[in-house]
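For clarity, every value in this text was computed on a predicted model and none was experimentally measured. Chain A is the first sequence line, chain B the second, and so forth, proteins listed ahead of strands; every chain is numbered from 1.
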2 protein chains.
Amino acid sequence: MSVPRSGLQTDTITAAGAALADEIGFTELTMGRLAERLGVRTPSLYKHIAGQDDLNRRIAALAHTEIADAIGTATQGRAGRDALAAAAHALRDFVLTHPGRYAATLGLTPIGPGDPVAIAASRGLGPFEAVLRGYDISPETMTHALRALRSLFHGFADLQATGGFQWSTDVGESFEWLIDLIDQGLRQAA
Amino acid sequence: MSVPRSGLQTDTITAAGAALADEIGFTELTMGRLAERLGVRTPSLYKHIAGQDDLNRRIAALAHTEIADAIGTATQGRAGRDALAAAAHALRDFVLTHPGRYAATLGLTPIGPGDPVAIAASRGLGPFEAVLRGYDISPETMTHALRALRSLFHGFADLQATGGFQWSTDVGESFEWLIDLIDQGLRQAA
DNA sequence: TCGCTTGGCTAATGGGATTAGCTAAAAGCT
DNA sequence: AGCTTTTAGCTAATCCCATTAGCCAAGCGA
């Protein structure tokens, strides 16, 4: 029986999985559907990835890297409130454009220090640190500020993604308001 | 064949499901395991709840109500930064004590206006509004402030749950710092 | 006591993840 | 080119889970 190779690669599969998750929702992403999308039978995927959990983690790591890149690019050459706003908008745009891969980053317990997810996530803090450098944050409070930024941004992104639309007032306006709130808070902290 | 009644009720099942989710993790909560916990066969659950999604929503609604109660109680008689800190701590304690039912509240798309989840969630905003009343927030910015608070709490809960332990600096300290940040931001906004 | 409703149960279906084992396609070597 | 080895597809089979159908006793009210 002739079975032509389709040239699958781990990265190809991860990318396709991320794209599919964006289309149909992360919870709907299934090994079977992904295989179908790739024109291949389900078990074939196991030659390249260890299983569903492995796939999810790879997508999450990919998303973390992409988010870091997006924020890094957006904040280039900016400082202070400008950089803060640019970072916030970049993250929000990413969540709106790629809801599936963003969802993959939520609720994952990092396994160990070598976990690609943990590594990608910590690398993702770099751009945040760059933003904070525009405020006079003392080194010992830098960690706190980093965590605060991460918490607020992700909290709002999540709000935007899941239930934001249930209120009438424009979410974008609230977003700007939140940016100001953080900006003022950071100024005080400096 | 004799089959004694076990006296199951929708509320009993919901409560047991929430408790089990706290123990083994929300994603591990399964109809089968819940049935086993209740000493009953899986299909029997369907006489009281419509299915897994229904169960999840009931647990989420329960969690929302409990969170609102906890924050309401904690902020009784407090105002300003005091109330803010009390609310934040109450939520954090809840997330730490009941990780499973908290996870149930995440990533749920409210179905319609009559959705119990949506109702419980919006009722949950009451205590937040009470906290904000301690700051001089103008009525038109109240919505923004509410969303900001929600984002903040959400984001921090996520931080606490997922990646908190991967950094060395004490998370509790960062928590206090974050509360100060918001407090100062809200003061400025007033 | 007699029936009717109800809440257990077993059996069956369908779908998803995953593993075992087969075979042909590539790739490498002489 | 021909031979060998590795690799990447495939089919078949297993297991677990959610859900539905249909049976039957428990308990309640007349």
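- Judged by closest nucleotide on DNA chain C, B:Arg41 is the one of A:Thr30 and B:Arg41 placed further toward the 5' end.
- Across the interface with DNA chain C, nearest-nucleotide mapping of A:Lys47 and A:Thr42 shows A:Thr42 to be the residue nearer the 5′ end.
- If you measure from atom CE of B:Met31 to atom C1' of C:dG15, you get 16 Å, rounded to the nearest angstrom.
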Run B:Leu106 and B:Phe26 through side chain to side chain contact (heavy atoms under 4.5 Å, CB included) and show every step you take. CA-CA 10 Å; B:Leu106 305 175; B:Phe26 179 63; over 6 Å; no
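- Taking atom CD of B:Gln52 as the reference point, atom P of C:dG15 lies 18 Å away to the nearest angstrom.
- Distances shown here put a side-chain N or O of A:His48 below 4.0 Å from the OP1 or OP2 atom of D:dG9.
- Ion pairing between B:Arg33 and B:Glu23 fails under the 4.0 Å rule for side-chain N and carboxylate O.
- When side chains are defined from C-beta on, A:Leu152 counts as touching B:Leu181, because their heavy atoms get closer than 4.5 Å.
- Rounded to whole Å, atom C1' of D:dC17 lies 12 Å from atom CG of B:Leu29.
- Considering only side-chain atoms of B:Arg33, the nucleotide from D:dC17, D:dA18, C:dA17 that sits closest is D:dC17.
- Using a 4.0 Å cut-off, some side-chain N or O of A:Ser44 falls inside it from OP1 or OP2 of D:dC10.
- Under the side chain to side chain contact (heavy atoms under 4.5 Å, CB included) test applied with A:Arg81, the options A:Ile182, A:Leu186, A:Ile179 reduce to a single match, A:Ile179.
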